[in-house]
Amino acid sequence: MKTIRLFLLSALFFSAQFSFAQDSAQAFKWNVSSKKIADHTYELIFSTQGNPSWNLYAPNQDLSGVSSASLILNDSALHLVDQFKQTGTAKEETSKIFTGINEKTYSGPTTWTHQIKIDGTVPGSIQASLVYNYGKGEEFYQGELPFTVKLEGGVSTKWEIKRKTIDVKHPISPCGDDDTGNKSLLTLFLIGFGAGLLALLFPCVFPLIPLTVSFFTKRAQSKRQGIANAVLYGGSIFLIYTLISLPFHLFNIAPESLNNISTNVPLNIIFFLIFVVFAISFFGYFEITLPSSFANKADSKAGLGNLLGIFFMALTLAIVSFSCTSGILGALLVGALSGSNGAWQLTSGMAGFGLGLGLPFVLFALFPRWLQSLPKSGGWMNELKAVFGFIELAMAFKFLSNADLVKQWHLLEREVFIGSWIAIGLAIVLYLCGVFRFSGDGKPKFTPVRIAFIALFSIITLYLVPGLTNTKWADLKLISGFPPPFNYSVYKPSVNYQNGVKPLENDYEKALQLAKEQNKPVLIDFTGWACVNCRRMEENVWTNDEVKNLMKNDFIVVSLYVDERRKLPVAERMDYTTSDSTVKSIVTVGDKWATFQAENFYAVSQPQYAIITPDEIALTKTKAYTPGAAKFAEWLKCGLDAYKKQQLSSK
């Protein structure tokens, strides 16, 4: 079979290259300023003292198709005028990298200028990037300088992110959540545990169970020692998979960054392609394995002392079984990236997986007679793997849907998404019925277990069918959160959306204005296009009659999308210094709302709900994901009582 060397080694290589590029980019210190030339015309000035250890390529050169320097402007209202102008002492010599080119470089002070024109209102400042190249000998690197520069005479319309009156730590009423942190660690652990048990049934793991247990029990000098060895083996498996998450803790990735990763369009498309590859692999067309040298090196050390030898035996199992477990591990990894506490979520999922995979080896050593009850290896394992391949394919469409929602391409609207899952469900049923087979599959035997699985996937597929209609039956509550929302539909309008709550989208100031005019509190919904729990709230809780009536009649509801990638007007972009002294660039609408949420409501996870007065006074503590409609309605009514109390006290 054709073997694919997975991306792990490549990822390590590129991360090392990235780290080097970050360090070497510090070789040049730049100063950026601007000068007004005429109305709507400015000159951007870049100056550096250079570095005698490096050669900085002068601008306006074509290095075999690579521009030696370029200016990247982040808005269509900004236009480049002519080329860079430069001053300083440059040297010219024949390039050692680019054949037939005389390159011009600086190692000392140099100043570059470039004119730009601005359409419409001139902002108080602009954000852009200078891309430049440098090297020495046969080394060649690219550096990027993101910068913000003020413009003389520009109009600054900076939006006030930190609101002094919003104090959710001391609201009018104490109702709401005391802890806004992520509460899904146990859930992810249990999901990982189940995935580990599932991985045991795959053909690259299942046959090893009796062999490994027999090895420990027969090799040991006593039954007690055999059990101890099996416990060490299972514990080593648990430890190995838990340690996989260690780098994510060492990198100290900011929670908000993980949320940005989970809604990043290119990454979601990459995840879509990876899961398609996983699915095809599970169908038996090729195997995804780590290099055989990994397994050989681990196996060669399995004969070391008792403790180390057992650890390396466990490591060998982890490497050899990678062809089966890669899809499951990939799902855990990607799932962890969607949370605000991603490193610990990944640790929980991986620890659960390691326990699920390692625990049976311990149990069978304790109760060796159980081995006799295990089913024999056979074609059923390949079929289970293929079914899981179809499930991976369904998950792939979820990542493509995330990208589609964030960019609003309308490629996978709600009914199209559900239709793709119906097609996959039908394919599973036909496969289990033997209508088509993959390479290596035998003729199916219709055992009670197979018939039960056929019935299960048939019921699931039939359940999805009403989701294609524009009726109340299209509200598929069992999978709420996974398909796109009702307002992202091929039907204009969607029945379920028209009958539900229709909040303002990304218009906070208008919500405050309407609240003042109608004398109502504001219900802020911090949400995201790719937020599963947000959709569950909208489809399961907001549709409850009591909740719906409260939200429609007694509140001004505004939804603020933290993953909205639409760019702000140039005049509204800024570099904002957060409460922890971090400088953050506010470029997109999502940047604005994510920072607004973090600075005023002390959370970066979604959904998060807040109730404030039209004058921006916190009425209650915030509320996170609340699957119980009664509890959410109780919190809403508490907010209304607090609003009435605040009005009476202000008179």
Side-chain angles (χ1 to χ4, degrees), residues 182-184 187-188 190-191 262-263 268 331 334-335 338-339 391 394-402 404-406 412-422 424-425 456-457 459-491 493-503 505 523 525-552 557 559 561-563 605-609 623-633 635-636:
N182 200 298
K183 302 177 182 179
S184 62
T187 301
L188 275 171
L190 294 175
I191 291 173
S262 71
T263 57
N268 271 283
V334 174
S338 66
I391 296 173
M395 293 173 65
F397 278 98
K398 175 57 183 169
F399 293 111
L400 183 60
S401 175
N402 288 347
D404 182 54
L405 283 166
V406 171
L412 279 178
E413 292 177 315
R414 181 180 177 88
E415 293 75 21
V416 177
F417 179 92
I418 292 173
S420 70
W421 275 24
I422 291 173
I424 291 171
L456 173 64
F457 284 105
I459 292 170
I460 293 173
T461 304
L462 290 173
Y463 173 78
L464 296 175
V465 171
L468 301 177
T469 66
N470 190 23
T471 65
K472 65 178 183 178
W473 307 109
D475 184 7
L476 307 176
K477 293 187 181 297
L478 292 180
I479 61 166
S480 61
F482 287 96
F486 289 120
N487 62 335
Y488 203 74
S489 169
V490 297
Y491 299 110
S494 166
V495 167
N496 288 293
Y497 180 64
Q498 286 297 107
N499 294 334
V501 178
K502 294 182 285 185
E505 289 188 2
L523 174 61
D525 164 34
F526 289 104
T527 185
W529 292 112
C531 172
V532 171
N533 283 343
C534 302
R535 300 293 86 77
R536 287 174 177 163
M537 286 292 295
E538 293 161 10
E539 296 172 19
N540 293 341
V541 177
W542 290 19
T543 54
N544 173 268
D545 288 339
E546 184 179 18
V547 171
K548 182 169 63 176
N549 289 333
L550 285 168
M551 292 178 70
K552 276 187 168 184
V557 185
S559 294
Y561 286 80
V562 301
D563 57 3
S605 60
Q606 293 80 43
Q608 186 189 29
Y609 304 97
K623 197 71 176 169
Y625 174 62
T626 308
K631 288 186 177 180
F632 193 71
W635 176 72
L636 291 176

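The shown structure was predicted, so the numbers you read here are calculated from the model rather than taken from an experiment.
Applying the 6.0 Å contact sphere to NZ of Lys472 captures no more than 12 heavy atoms from other residues, nucleotides or ligands.
Asp525 CG to Tyr609 OH: the interatomic distance, rounded to the nearest 0.5 Å, is 5.0 Å. Put simply, CD1 on Ile460 and CD1 on Ile422 are 12.5 Å apart, with the number rounded to the nearest 0.5 Å.
Partner of Pro483 under the side chain to side chain contact (heavy atoms under 4.5 Å, CB included) criterion, out of Leu476, Leu412, Val416, Ile418: Ile418 alone. For the side chain to side chain contact (heavy atoms under 4.5 Å, CB included) test with Lys548, the passing option among Val501, Val541, Thr543 is Val501; the others fail. Partner Ser401 forms a side chain to side chain contact (heavy atoms under 4.5 Å, CB included) with one of Phe417, Trp529, Tyr488 and no other, that one being Phe417.
Between Trp421 and Phe482, the ring-plane angle classifies as tilted under the 30° and 60° cut-offs.
In this structure the side chain of Gln606 never reaches within 4.5 angstrom of the side chain of Asp563, judged on heavy atoms. Met537 has its side chain out of reach of Thr527: every pair of non-hydrogen atoms, C-beta onward, lies at least 4.5 Å apart. Put simply, the side chain of Arg536 reaches to within 4.5 Å of the side chain of Ser480, judged on heavy atoms. Contact of the Asn268 side chain with the Val406 side chain is not registered, since no non-hydrogen atoms from C-beta on lie closer than 4.5 Å. Looking at heavy atoms from C-beta onward, Asn499 lies in side-chain contact with Val495 at the 4.5 angstrom threshold. Between Ser494 and Asn470, the closest side-chain pair of non-hydrogen atoms falls below 4.5 Å.
With sequence neighbours excluded, no residue forms a side-chain contact (heavy atoms from CB on, under 4.5 Å) with Leu462. By the salt bridge (Lys or Arg N to Asp or Glu O under 4.0 Å) test, Glu505 is found to be paired with no residue, residues two or more places apart in sequence or in another chain being considered.
Contact between Val547 and Trp542 at its shortest, heavy atoms only, is CG1-CA, 3.9 Å.
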